[in-house]
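Reading through the structure tokens given below for one structure.
Whatever order the structure lists them in is the order used to number ligands and atoms, beginning at 1. Worth saying up front: this structure is predicted, and the values here are computed from it rather than measured.
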Amino acid sequence: MKSRSNQHFPLLHLLIVASLLTVFCRCNAKKEQPKGFQNFTPGKQWPDTDSVHINAHGGGVLYHDNTYYWYGEHKSEHTSSAQVGVNCYSSKDLYNWKHEGVVLPVSDSVGSDIEAGCVMERPKVIYNAKTKKFVLYFHLELKGKGYSAARVGIAVSDKATGPFTYLRSLRPNAGVWPENMTEEQKSSKVTLDDFADWWTDEWMQAVNDGLFVRRDFEGGQMSRDMTLFVDDDGLAYHIFASEENLTLNIAELSYDYLSYTGRYIRIAPGGHNEAPAIFTKDGKYFMITSGCTGWDPNAARLFTAESIWGPWTQHPNPCIGPDADLTFHSQSTYILPVAGKKDAFIFMADRWTPKSPIDAPYIWLPIQFENGLPVLKWKDQWDLSIFDTTN
Ligand code: DGJ
């Protein structure tokens with residue numbers, strides 16, 4: 001006689017197999033579910049892996065040891081001045097970012113260069129392969145002094161994720177002439193006092209001829225919006241808006257990237273460029289900048305050169321399509337080469353929201369090339385596979 005349990009065995013067996021199958025299928029289904037983001041959605045809120053909108057404005061990205069590090073300004077809810085410091089996020093895929101914390105905090109010491117309430121803008125980090133140090137530069141304005149200090153702050157760390165040690169701030173190239181100023185321009189006796197009004201044709205000509213370079217010669221050149229760039233030969237450059245935001249400077253950094261060699265040039269004197277972002281392709285240099293309209297967007301500008309030392313040639317606005325004249329309501333901050341993909345560059349920009357700085361969205365767009373020049377077209381959504389087909 002069969003036991004009761006034996007009688008039920010086939011049914012029980014079936015049930016166990018069915019539940020195992022369900023668990024197996026669920027696990028498999030889970031595996032196939034997309035993990036996090038798999039594309040970019042420019043202009044939308046961009047949550048980090050803790051579901052908080054990324055707070056790294058005016059930023060730049062360093063690729064190091066198979067990881068991307070995004071450094072940017074921590075912005076608060078009601079002010080653009082620095083209340084917290086420089087923020088860092090890490091990512092393996094560029095879509096999903098983990099908050100690594102504040103890598104250079106503001107100081108609570110009264111009178112410190114980086115006292116809370118100062119301006120710490122457009123931080124960029126580069127890695128020095130010789131010293132094995134991570135070097136951070138940022139635009140510094142001293143607390144309570146508006147934008148008059150126009151200095152660069154320098155900090156250093158042993159690790160990409162910090163903490164960074166603040167070293168000093170300065171105005172670059174004190175007592176040194178730019179390489180592309182003539183002897184006549186250097187020795188000109190024309191000063192600002194010779195002009196009752198700014199912005200006249202004569203004044204613009206004087207700016208072109210180095211009016212502000214001479215004014216700031218002793219104390220160093222003004223340094224506001226900025227980026228850093230490491231060339232293929234390991235030499236690094238600080239590129240910044242100088243001369244009251246009228247002229248860009250490219251200045252070579254020392255072997256340890258912590259100071260200047262004194263070699264520098266002026267680009268587009270009187271051209272009113274800021275927000276510089278640079279990349280190289282096929283031995284050519286490409287730079288995208290903006291005009292100067294505060295937090296409001298304007299049309300991007302494009303410059304190219306065969307050598308970092310110029311001459312730099314200006315081309316038409318690289319943006320195409322609706323809102324191209326406003327850089328799609330954004331302002332450049334960095335151009336990011338995508339690791340492992342040929343000729344793949346991402347244009348990074350900020351859509352500033354000064355009433356609520358913390359909420360400012362990011363505009364990341366793929367750089368495409370037409371007739372050898374970069375072009376930017378709006379995309380509601382895109383992913384890195386675009387680089388497998390377009391360039
Ligand atoms: C435009 C600059 O690009 C920003 O970084 C910031 O300095 C604002 N101007 C301030 O008005």
Side-chain angles (χ1 to χ4, degrees), residues 54-61 70-87 104 106 113-114 117-125 136-153 169 171-172 221-229 238-250 267-268 271-278 287-303 317 319 325-335 347-364:
I54 292 170
N55 198 336
H57 309 270
V61 171
W70 178 354
Y71 304 88
E73 303 158 28
H74 173 284
K75 291 266 192 215
S76 305
E77 280 170 26
H78 303 298
T79 172
S80 268
S81 68
Q83 306 299 321
V84 173
V86 175
N87 240 343
L104 179 66
V106 293
D113 276 4
I114 54 170
C118 69
V119 167
M120 292 169 91
E121 287 182 344
R122 299 185 175 269
K124 305 289 178 303
V125 172
L136 162 62
Y137 278 49
F138 60 95
H139 167 201
L140 172 72
E141 297 293 347
L142 304 175
K143 183 177 179 182
K145 302 233 156 83
Y147 276 79
S148 62
R151 297 174 79 78
V152 59
S169 77
R171 280 190 172 187
Q221 300 301 315
M222 297 176 89
S223 176
R224 290 200 182 118
D225 275 14
M226 55 141 283
T227 193
L228 294 178
F229 171 67
H238 177 210
I239 304 171
F240 52 96
S242 194
E243 301 176 29
E244 306 285 353
N245 282 358
L246 284 156
T247 301
L248 288 170
N249 281 11
I250 295 189
I267 301 180
H272 242 150
N273 287 279
E274 59 179 10
I278 185 172
M287 183 155 59
I288 297 180
T289 68
S290 75
C292 298
T293 47
W295 299 112
D296 295 331
N298 53 56
R301 291 103 180 264
L302 171 67
F303 297 84
N317 181 356
C319 300
D325 56 338
L326 294 176
T327 317
F328 315 112
H329 300 273
S330 72
Q331 187 183 29
S332 44
T333 183
Y334 197 72
I335 293 170
F347 173 77
M348 292 170 54
D350 299 278
R351 183 173 284 175
W352 301 116
T353 51
K355 285 201 180 112
S356 176
I358 192 173
D359 291 321
Y362 307 97
I363 307 298
W364 285 28

One residue to check: Q331. Relative to ligand 1, which of side chain, backbone, both or neither has a non-hydrogen atom less than 4.0 Å away?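 The answer is the side chain.
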Of the side chain and backbone of R224, name the one, both, or neither that has a heavy atom under 4.0 Å from an atom of ligand 1.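 None of R224 does.
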Should you measure from each heavy atom of E121, which atoms of ligand 1 turn up under 4.0 Å away?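 Listed by number with element, the hits are 4 (C), 5 (O), 6 (C), 7 (O).
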Distance only, no hydrogens: is a donor on one side chain within 3.5 Å (strictly under) of an acceptor on the other, for D359 and T353?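 D359 vs T353: no donor-acceptor pair found between side chains.
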CA sep, side-chain torsions, deciding dist, call: E141, R224, salt bridge (charged side-chain N to carboxylate O under 4.0 Å, His left out): CA-CA 8 Å; E141 297 293 347; R224 290 200 182 118; 3.6 Å; yes
Ring-plane angle category for W70 and W364, please: parallel below 30°, perpendicular beyond 60°, tilted otherwise.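 Rings of W70 and W364: tilted, as their planes differ by 30° to 60°.
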In the protein, what heavy atom is nearest to [atom], and what distance, to one decimal place, separates them?
{"atom": "atom 5 (O) of ligand 1", "result": "R122 NE, 2.9 Å"}
{"atom": "atom 9 (N) of ligand 1", "result": "G294 O, 3.4 Å"}
{"atom": "atom 3 (O) of ligand 1", "result": "D225 OD2, 2.4 Å"}

Can you tell if the side chain of [X] reaches within under 4.5 Å of the side chain of [Y], non-hydrogen atoms only?
{"X": "P357", "Y": "E73", "result": "no"}
{"X": "S80", "Y": "W295", "result": "yes"}
{"X": "V152", "Y": "P172", "result": "yes"}

Could an N or O of ligand 1 be found under 3.5 Å from any N or O of W352, whether backbone or side chain?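 N/O-N/O distance under 3.5 Å: no.
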Please confirm whether G58 comes under 4.0 Å of ligand 1, counting heavy atoms of the residue only.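 So G58 does not count as touching ligand 1.
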